Amino acid sequence: MRRQRGLVGLMGLAALVGLGVVAKPAVAKVTTEQSASILIFPKVVADSNRDTIIQITNTSNNMRHAHCFYVNGALTIPELPPGPNNPPLWTETDFDIWLTKQQPTHWVVSTGRLDNPLDETCRKTSCDPESTGGDEADCCDAGFDPGHIPPVAPDFMGELKCIEVDASGAPVGGNAFKGEATLVERGAVTDVSKYNAIGLKGNDLNNMDGTLCLGGGVSAECPTGAEYDACPLTWILDHPAYGAADQIVDAQPFCEGPGPCSAVTTNLTVVPCTENFETQNPQLVTLQFSITNEFEQTFSASTSFRCWASYELTDINPIFSASNVGGNILQTRMRSAAGTPGGVAAVIEDTHIQCPPGGGCVGQPTLLSRSAQNAHTTFEDQPGADIITIPAEQITGP
Amino acid sequence: MNMGQVRWAGWTMAVATALAVSGGQVARADVASDKPAAIVVYPKIQVDTRQTDSQETLNTLIRLTNTNQTSPIRAHCFYLNANSHCSGGPNDGRVCTEDPGVCEGLSFCVPGWQEVDFRVQLTPGQPIEWDAEHGLSGRELPIPQGVCQRRPSQRCGSDADCSPVPGGLCLLSNAGTNIPPVSEDPFIGELKCIAVDENDVPVPRNDLKGEAILEEVETSPADFDVASYNAIGIQATGVVSGATNELTLGGPDAEYNGCPNYLILNHFFDDAENPVPGVDASIRTRLVLVPCSEDLLRQIPGVAVVQYLVFNEFEQRFSTSKSVNCYQDIELCNIDTPNCSRSIFNVAVAGTLTGQTRINAIGVPPLPSGMLGIATEEHTSNSADIDRTAAVNLHMQGARESADVITIP
């Protein structure tokens with residue numbers, strides 16, 4: 001009889017393996033190209049030089065709602081370097097949007113968007129950018145306004161996160177939203193770069209409370225287990241070594257002179273997957289980097305951040321520099337360190353510059369063009385749950 | 001039924017349940033540009049250094065990376081030249097992709113589709129980069145030849161070449177790699193790389209990733225513009241079926257994930273003004289589509305009639321369709337009409353600045369196919385004659401019911 005119980009147990013185990021409960025391989029499903037329930041725009045900028053256009057679309061055939069948070073990671077005194085007396089602001093501003101079936105919408109981050117049904121369509125007027133977000137926006141804001149989108153604070157640098165909710169404000173896993181951010185340089189030369197919002201898909205286990213469980217198993221905080229896909233264990237970033245020449249620009253006739261006249265720099269923006277909008281007390285996240293150049297030589301580096309960070313790669317470690325790493329093209333694998341609270345989301349932006357002839361790539365570039373890029377992820381999830389906590393008064397559960 | 005039979009039946013049921021339920025995990029029907037894959041597709045590779053009508057040159061930087069940190073990988077890559085050429089007349093053979101008018105006399109501009117293939121050998125964790133105009137070969141390769149671990153001055157092809165030094169190993173290299181320049185200048189087309197073993201048999205290793213950087217350089221006055229996108233990855237499922245040179249994407253015996261049912265593009269309507277205060281620029285978007293099914297053995301490209309469902313910010317819906325045969329790189333407003341001002345993709349027709357376009361490919365003979373694609377968004381300054389471009393990967397939804405097939409030589 002004891003042997004029979006053992007057999008039954010083994011049979012059950014086999015069935016559980018089939019159900020994926022025991023041996024299902026971890027598959028990171030964080031996505032930049034499928035509709036999701038949580039959208040993360042890691043890099044949103046609105047200062048005197050650059051602005052950001054946010055595009056969000058409801059890809060479902062029902063009206064959908066989202067609760068969105070701006071998190072301002074700008075320094076308290078932007079003109080001064082960061083330090084204990086000049087920490088990032090980490091202030092949060094939230095608002096709601098609602099979109100009818102298949103409706104796309106957009107807004108400019110510095111101006112926001114008023115809820116004004118009297119805007120003229122673009123059939124009669126064209127968009128005057130100076131009116132964007134205002135009462136007379138007309139074509140610039142034509143369409144069903146998604147709600148009242150507030151403008152961000154001056155010199156904003158931070159993150160936008162939108163979470164799908166139902167009409168009462170309770171989080172749901174409808175996977176209806178997709179989004180893009182376009183970073184626009186102001187001035188005569190309107191340089192642009194664009195990336196897809198990072199999406200986390202929801203599932204049917206959402207208990208609609210203010211504690212959103214990203215991956216992980218059943219716990220006191222997550223009584224139903226994972227409500228959303230987990231953040232990935234590792235991000236894979238391909239990028240030029242910092243300061244490496246752009247070989248196409250360098251081959252041009254206007255690039256004659258001693259040494260390279262162009263360079264490519266890379267900026268990495270990261271946000272933690274775990275965020276508590278109730279306590280607004282961000283935890284320290286340590287990032288580990290493993291860097292491989294084209295000669296198969298491997299190096300490592302690490303850094304720490306809270307809440308939001310945007311680094312030039314050489315600010316993390318000089319090893320990213322072309323002169324130090326000894327190569328021109330790098331594969332960097334980034335993960336949060338063991339013991340660090342949870343995973344991260346990331347986006348990179350390359351800046352290609354051309355410098356004055358003969359002067360090397362030092363000082364002000366004469367030309368500049370940027371391109372943002374979504375990073376790749378591995379197939380492995382963060383082992384534990386990341387938690388996003390929404391203040392209780394911002395949701396109304398069932 | 002005796003006890004042994006009961007146990008046998010129980011085990012059979014348990015295992016059958018396990019297989020039935022877990023079977024779906026093998027073939028996840030998601031093509032993805034944000035995860036490593038066994039096939040990577042670069043939908044837009046462009047080169048044009050002629051500077052005939054302007055001081056403008058186009059070129060593309062291509063990155064390919066082995067994300068496996070412990071094993072080398074070999075990729076079989078195909079440039080697919082989608083140039084059109086004049087047939088007959090004084091300009092016979094001349095490229096007419098952008099301007100069919102160059103085909104003078106009794107001459108026609110004939111669409112083309114021709115492949116050139118090559119192999120790339122990557123060491124563990126190795127990224128490489130090359131520009132499409134020149135390629136990468138010989139001493140330009142990062143590690144052109146293997147060397148003996150204990151005697152770095154001695155070149156080797158295998159461990160045997162390093163004997164008699166005890167324990168000598170031949171270090172891995174890019175030997176066997178010869179990336180040619182694209183076959184024409186100007187060139188417009190696609191690059192596709194497939195993970196293969198040393199015998200060029202496709203292997204289900206989801207270890208490749210890639211990016212393309214489209215660069216446009218003006219020599220007078222000096223200026224340049226870059227836009228980058230991720231190569232689209234088609235993950236292997238681990239299933240092996242059919243002939244080794246026929247790669248099945250999706251369907252019941254999927255060796256690779258299926259192509260998407262819908263591509264979704266969020267875009268500004270063409271000629272929309274950039275709404276950012278302090279900016280004076282208008283926006284146009286180009287859509288690039290490449291077929292999932294391709295018969296590279298018989299040079300038969302995939303064909304589809306592509307349905308476009310367009311929604312503006314008033315939830316108003318328009319639709320149009322256009323067939324795609326092998327390759328499409330087109331401004332949105334030229335999908336439904338040659339007259340951009342009358343297009344449903346024009347801001348003055350659509351009525352709002354932004355829209356959502358859902359793209360559904362309906363495969364048609366001779367080689368019914370789904371589609372993959374990217375978009376490029378061009379912001380043109382109204383005051384200065386300067387363009388700045390951003391490229392973006394399209395979103396995808398669902399998987400096609402029928403399989404797509406890539407046939408390699």
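Every chain is numbered from 1, with letters handed out A, B, ... down the list of sequences. Predicted model, so just to flag it, every value in this text is computed and none were measured.
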Can you say whether A:L330 sits under 4.5 Å from chain B via the side chain, the backbone, both, or neither, judging by heavy atoms? backbone

So what's closer than 4.5 Å to chain B heavy atoms on A:P146: side chain, backbone, both or neither? neither

Take A:C139 and A:C122, measure what disulfide bond (SG atoms under 2.5 Å apart) needs, and give me the verdict at the end. CA-CA 5 Å; A:C139 167; A:C122 301; 2.0 Å; yes

Please confirm whether the ring centroid of B:F314 lies under 6.0 Å from the ring centroid of A:F144. yes

Would you mind telling me which of B:T49, B:T65, B:V392 has the largest number of heavy-atom pairs within less than 4.5 Å of chain A? B:T65

Is chain B contacted by the side chain of A:Q247, its backbone, both, or neither, given a heavy-atom distance below 4.5 Å? side chain

Going by the rule salt bridge (Lys or Arg N to Asp or Glu O under 4.0 Å), which residues pair with B:K209 if we only count those two or more places apart in sequence or in a different chain? A:D238, B:E211

Please flag which part of A:E294 lies under 4.5 Å from any non-hydrogen atom of chain B: side chain, backbone, both or neither. both

For the candidates B:T380, B:L263, B:L171, B:D223, which exhibits the highest count of non-hydrogen atom pairs separated by less than 4.5 Å from chain A? B:D223

At a heavy-atom separation under 4.5 Å, does A:R370 approach chain B through its side chain, its backbone, both, or neither? backbone

Need one label for A:I329: side chain, backbone, both or neither, based on atoms under 4.5 Å from any heavy atom in chain B. both

Between A:E185 and chain B, which part of the residue has a heavy atom less than 4.5 Å away: side chain, backbone, both or neither? backbone

Relative to chain B, which segment of A:I56 carries a heavy atom at a distance below 4.5 Å: side chain, backbone, both, or neither? backbone

Measure A:A372 against the heavy atoms of chain B and call it side chain, backbone, both or neither at under 4.5 Å. backbone

Side chain from CB out, backbone as N, CA, C, O: work out which of these in A:V192 comes under 4.5 Å of a heavy atom of chain B, or both, or neither. both

